[in-house]
Number of protein chains: 2
Amino acid sequence: MYTTCSSCPNRSACFDELSINELTKVTEHKSEITYKKGETIIKQNSAAKHIYFVKSGLVKVHIENEDKNLILEVSGKSSMLGVTALNHSKKYNFSVTAIETVEVCEINIDIISNIMTNNVAFSLSIINELNTSIDKLLSKVFYLSHKNIQSRMAELLLNFSDKIFESKTFILPISRTELAELTNMAKENVVRTLKDFESKGYIKSKGRQVEIIDYKSLSEISQ
Amino acid sequence: MYTTCSSCPNRSACFDELSINELTKVTEHKSEITYKKGETIIKQNSAAKHIYFVKSGLVKVHIENEDKNLILEVSGKSSMLGVTALNHSKKYNFSVTAIETVEVCEINIDIISNIMTNNVAFSLSIINELNTSIDKLLSKVFYLSHKNIQSRMAELLLNFSDKIFESKTFILPISRTELAELTNMAKENVVRTLKDFESKGYIKSKGRQVEIIDYKSLSEISQ
DNA sequence: TAATTTTGTTGATATATATCAAAAAAAATC
DNA sequence: GATTTTTTTTGATATATATCAACAAAATTA
């Protein structure tokens with residue numbers, strides 16, 4: 001049940017930079033928590049107290065707004081969440097919610113900060129991680145501003161297939177409404193676009209079950 | 001002419017964390033370069049060799065694409081550019097172009113990396129800077145996906161007024177086409193929206209000259 | 001199992017925004 | 001200063017995508 005960080009197979013890459021002592025310190029101070037589907041892990045605008053590491057299960061990272069929600073990404077094991085709160089405001093700039101049962105390691109932000117102060121390699125690894133986040137956000141900005149709905153949906157499906165499930169068949173972990181929030185389109189158009197892809201023989205789908213049939217065509221549509 | 005980093009009034013915040021020796025080292029290794037309007041400072045996808053610091057003048061940070069360009073932001077003095085290339089790919093993920101005469105300090109990336117390896121406070125300051133970039137990108141994602149063209153144009157004008165020029169009157173540093181690339185709208189709609197704001201008495205404008213008349217209304221439109 | 005609520009689906013219609021084309025103005029070049 | 005090129009402006013039109021409304025199917029709850 002209890003896992004030490006030194007032997008954790010799903011730990012984030014930056015942990016490779018920690019010494020035995022530091023790993024022990026983190027192990028002693030971490031809490032392992034299981035969240036159920038729909039539970040909030042990080043609440044946007046709340047004061048940042050912890051950094052979270054996903055051990056298993058999928059979460060959605062999203063920006064909350066009165067009228068319209070926006071999902072930034074769906075992510076799974078080995079993701080590190082909350083480091084972006086390490087700035088002047090010390091507040092989380094997005095929410096994170098479990099979309100299925102999720103095991104998370106929660107580590108006090110002061111412990112992480114303290115290790116950063118003593119271990120430059122660890123800090124550099126965090127910088128690398130942040131730059132990967134920036135890369136993803138730049139892609140998202142481009143995706144939202146330059147691609148039409150077919151292209152966005154195709155990219156989404158390929159992303160699930162390639163990055164999240166690593167399989168041509170998978171079960172969509174989110175509802176049509178959430179797919180709409182992830183692609184910035186109306187939920188009705190999510191349905192229509194999926195139907196359209198099915199009628200063209202790009203995918204087979206039934207409910208949340210999806211099978212990628214024509215990867216090449218989807219890839220061309222997504223550009 | 002020649003400026004030492006220790007006395008530079010426009011240096012980026014992270015320089016406050018450097019020791020006298022480190023400041024001297026940076027001063028000795030930096031190059032001060034003047035770019036003319038239209039010249040490329042950073043070329044997207046090229047191998048990252050330097051970090052750039054803007055001493056004076058304005059630049060545009062943009063993503064290049066065959067058919068449609070996208071401007072991420074216009075920024076001026078004290079901005080640090082190129083740190084986001086400190087990841088696995090070691091390539092710049094965007095281009096930076098001078099939109100007027102710009103003085104830039106160029107520092108070899110190895111010098112910066114070397115200082116980071118020895119000075120944790122400096123690394124932490126870089127992390128803070130990266131998180132500010134992430135904040136900006138999150139706002140941009142929200143701005144592009146949740147706001148209509150009037151709202152985006154209003155926000156743009158207020159941003160120029162508040163952040164760049166710190167004045168209710170200013171001269172737009174970029175063309176209508178570039179305003180379109182910054183707000184993700186057609187250049188024709190940039191013209192129409194500005195005309196509309198003028199007819200409603202929110203702004204006065206003639207060519208690139210702009211005066212904010214009704215800050216409150218613009219602020220409400222931008223939400 | 002029935003009742004209720006939520007989620008998904010479909011077609012019709014509305015609307016925001018892009019595109020096209022052509023003129024006017026401004027800037028750059030000769 | 002005249003000419004050419006580029007940028008800005010305007011109006012007409014096209015189109016992608018959202019919205020609305022009503023129904024069907026699933027998932028919860030009673």
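Every heavy atom of this structure was used, including side-chain atoms; hydrogens, water molecules and symmetry mates were not. Lettering of chains follows the sequences in order, A, B, ..., and the numbering in each one begins at 1.
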Checklist line | Listed nucleotide nearest any side-chain atom of V191(A), set dA18(D), dG8(C), dT10(D) | finding: dG8(C)
Next item on the list: When you get a sec, tell me which of dT7(D), dT19(D), dA16(D) is the closest nucleotide to the side chain of E188(A)?
Entry: dT19(D)
Notebook entry, point to check: Between atom CD1 in I174(B) and atom P in dT6(D), what is the gap in whole Å?
Noted result: 20 Å
Next item on the list: Provide, to the nearest angstrom, the distance between the CD atom belonging to E181(B) and the P atom belonging to dT8(D).
Entry: 11 Å
Margin query: Does dT10(D) have its OP1 or OP2 closer than 4.0 Å to a side-chain nitrogen or oxygen of K195(B)?
Written below: yes
Note to self: Strictly below 4.0 Å, N to O, side chains only: are K77(B) and E103(B) in salt-bridge contact?
What the structure shows: no
Check: Considering heavy-atom distances to DNA chain D, does K206(A) or N148(A) have its closest nucleotide positioned more toward the 5' end?
Finding: N148(A)
Margin query: Taking the minimum atom-to-atom distance to the side chain of A186(B), which one of dT9(D), dA18(C), dT10(C) wins?
Written below: dA18(C)
Notebook entry, point to check: Ignoring hydrogens and geometry, is there a side-chain-to-backbone donor-acceptor pair from S78(A) to N10(A) under 3.5 Å?
Noted result: yes
Note to self: Counting only side-chain nitrogens and oxygens, does N189(A) get under 4.0 Å of the OP1 or OP2 atom of dA18(D)?
What the structure shows: yes
Checklist line | Atom pair distance, as rounded to whole Å: NZ in K187(A) and C1' in dA18(D) | finding: 10 Å
Margin query: Heavy atoms from C-beta onward define the side chain here; which of dT8(D), dT10(D), dT17(C) lies closest to that of R192(B)?
Written below: dT10(D)
Next item on the list: Could you tell me whether the side chain of L58(A) reaches within less than 4.5 Å of the side chain of F165(A), counting heavy atoms only?
Entry: yes
Note to self: Can you tell me which nucleotide in dT9(C), dT17(C), dT8(D) comes closest to the side chain of I149(B)?
What the structure shows: dT17(C)
Checklist line | Protein-nucleotide distance (N69(A), atom CG; dT7(C), atom P), rounded to Å | finding: 13 Å
Next item on the list: Rounded to the nearest angstrom, tell me the gap between atom CD in Q150(A) and atom C1' in dA18(D).
Entry: 14 Å
Check: Taking atom P of dA16(C) as reference, at what distance in whole Å does atom CG of N184(B) sit?
Finding: 17 Å
Notebook entry, point to check: Taking the side chain from K60(A) and the backbone from I99(A), do they hold a donor-acceptor pair closer than 3.5 Å?
Noted result: no
Next item on the list: Decide yes or no on salt bridge (charged side-chain N to carboxylate O under 4.0 Å, His left out) for D196(A) and R192(A), but give the supporting numbers first.
Entry: CA-CA 6 Å; D196(A) 179 49; R192(A) 281 186 267 258; over 6 Å; no
Check: In whole angstroms, how far is the P atom of dA25(C) from the CZ atom of R176(B)?
Finding: 15 Å
Note to self: Distance check needed: dG8(C) P versus Q209(A) CD, whole Å only.
What the structure shows: 15 Å
